[in-house]
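Reviewing the structure listed below.
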Amino acid sequence: MNIIFMGTPEFSVPVLEALAQHHHVICVYTQPPRPSGRGHKVNPSPVQQTAERLGIPVRTPVSLRKPDAQAEFASLNADVAVVCAYGLILPQPVLEAPKLGCINVHASLLPRWRGAAPIQRAIQAGDAESGVTIMKMDVGLDTGDMLLKGACAITPDTTAQMLHDSLASIGAELIIKALADLPTPQKQPTEGVTYAEKIQKEEALIDWSLPAIQIKRNIMAFNPFPVAYTTLNGERIKIYEADVSKATTSLPAGTLIDDTLSVACGDHTVLRIRKLQREGKRAMTAEEFMLGSSLKQGERFAV
RNA sequence: CGCGGGGUAGAGCAGUCCGGUAGCUUGCCAGGCUCAUAACCUGGAGGUCGUGAGGUUCAAAUCCCACCCCCGCAA
């Protein structure tokens, strides 16, 4: 099949690679290179880098709302467009241009977690499982009819990175299967719809008054991005991993209750920090951190 | 030229402002003590202080210059 692929971040790369292996990817759409990283260097998206490595033509329109962009898209005469974390809304004319329409690879078990950040929201919510849904796109936000689903477990120690990687590989597998079998589309259930709001950076600031279990979920959900953090004397400290402790405390939220980085949280619960990072320093385990740190129990993180 | 922090024993840090024989915690090795323990005691090995047979100096981890690498913010 002649396929147009539309995607941008790391998550879409395995899907693109699988498609390139099994089909003819005639063109890749991705977000334009933007100044990013230290020094404001302009970097192409992971998908663009992959496409260039595979020798596939790349297009990076800023929008698909303009008629000429849509005409260009239609002129490719694709059999199908596979969309995976592209980052642009596809207008009706684009959705209808390919013979088989546009098929989306979404990182959740729809209709749960429609929207931008399904991976992180699932972890934050304490879901026991996640998955990938392949669906036929329509004008709604992740509301199209479903073709295939694949599930995957979430444990208390699953980080967004881990789930991201698992789902990306499941997605790559499923899209190939979906294109081969072309299953009959099924309507999404009307029950169980939730929306995964885009992650705001402010959410990564730890609120120590929450119960330890919720703080831990947030930490796992925000690892590796944007990474949960707290502040101590004005310095930002990122927290990558933590465990809920069996201990309880009556100390105020945010207080270090021992010298092994156990922190008082809401409802008298305690969170034990496992991996953290100071500004300008690399990430390290709590043990390593304490060896050269003057932090003592009784000190308190900003709430 | 976006802003900023850092590169000192295997690991984590202090020392750098106010140049003068390199220190702390831990780990490692050896020995001791103990029913036992992330226990304790004693001794020991381990460092071209990111690079440049660079500059200044009687003397540079420390001051100056250039370069390399890591990281936080921002995007």
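In what follows, chains carry the letters A, B, and so on, assigned in the order in which the sequence lines appear, proteins first and then strands, with residues in each chain numbered from 1.
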(request) State plainly whether the residues Glu129(A) and Lys149(A) are in salt-bridge range, i.e. N to O under 4.0 Å. (result) no
(request) Give a yes-or-no answer on whether the side chains of Gln297(A) and Asp258(A) include a donor-acceptor pair shorter than 3.5 Å. (result) no
(request) Find the partner of rA30(B): check Watson-Crick (N1-N3 plus N6-O4 or O6-N4) and G-U wobble (N1-O2, O6-N3) distances, both under 3.5 Å, and reply none if neither fits. (result) rU42(B)
(message) Can you measure Leu291(A) atom CG to rU26(B) atom P for me and round it to whole angstrom units?
(response) 8 Å
(message) Looking at Asp243(A) and Lys275(A), is any side-chain nitrogen of the basic one under 4.0 Å from a carboxylate oxygen of the acidic one?
(response) no
(request) Send over the distance from Lys275(A) NZ to rG12(B) P, rounded to a whole Å. (result) 13 Å
(request) Can you run down the side chain to side chain donor-acceptor pair (under 3.5 Å) pairs that involve residues 68-94 of chain A, sequence neighbours left out, and say none if there aren't any? (result) Gln92(A)-Glu96(A)
(message) Can you check the distance between rU37(B) and rC33(B), where both ends of the measurement are the P atom (answer in whole Å)?
(response) 15 Å
(request) Take the protein atom CD of Glu235(A) and the nucleotide atom P of rC13(B), then report the distance between them rounded to whole Å. (result) 11 Å
(message) Could you tell me the Watson-Crick or G-U partner of rC73(B), where both distances fall under 3.5 Å? Say none if there is no partner.
(response) rG2(B)
(message) Could you tell me if the side chain of Thr269(A) sits less than 4.5 Å from the side chain of Val244(A), heavy atoms only?
(response) no
(request) Take the protein atom CG of Leu295(A) and the nucleotide atom P of rC13(B), then report the distance between them rounded to whole Å. (result) 12 Å
(request) Can you tell me, in whole Å, how much space there is between the C1' of rG46(B) and that of rU25(B)? (result) 16 Å
(request) Sticking with atom P, work out how far rU42(B) lies from rG10(B), rounded to a whole angstrom. (result) 24 Å
(request) Hunt down the Watson-Crick or G-U wobble partner of rU56(B), both distances under 3.5 Å, from any strand shown, or write none. (result) none
(request) Using the P atom on both, measure rU8(B) against rU51(B) and round to a whole Å. (result) 10 Å
(request) Please indicate whether Arg65(A) has more than 12 foreign heavy atoms, meaning atoms of other residues, nucleotides or ligands, lying under 6.0 Å from its CZ. (result) no
(message) Is it the case that the side chains of Glu17(A) and Gln21(A) hold a donor-acceptor pair, with the cut-off being a distance below 3.5 Å and no angle test?
(response) no
(request) Grab the CG-P distance between Leu232(A) and rG5(B) for me, whole Å please. (result) 19 Å
(request) Check the distance between rG27(B)'s P and Met290(A)'s CE and give it to me in whole angstrom. (result) 15 Å
(request) May I ask you to say whether Asp259(A) pairs ionically with Lys296(A), meaning some side-chain N is under 4.0 Å from a carboxylate O? (result) no
(request) Using Watson-Crick or G-U wobble geometry with both distances below 3.5 Å, tell me the partner of rA66(B), or none. (result) rU51(B)
(request) Pick the C1' atom in rA39(B) and in rU48(B), then give their distance to the nearest Å. (result) 39 Å
(request) Pick the P atom in rA38(B) and in rG43(B), then give their distance to the nearest Å. (result) 25 Å
(message) If I pick the C1' atom on rA14(B) and the same atom on rC49(B), what distance separates them, to the nearest angstrom?
(response) 13 Å
(request) Any chance you could list the contact pattern along nucleotides 70-75 of chain B? Use B for base contacts, S for sugar-phosphate-only contacts and - for none, protein heavy atoms under 4.0 Å, 5' to 3'. (result) -BBBBB
(message) If I pick the P atom on rC63(B) and the same atom on rG72(B), what distance separates them, to the nearest angstrom?
(response) 26 Å
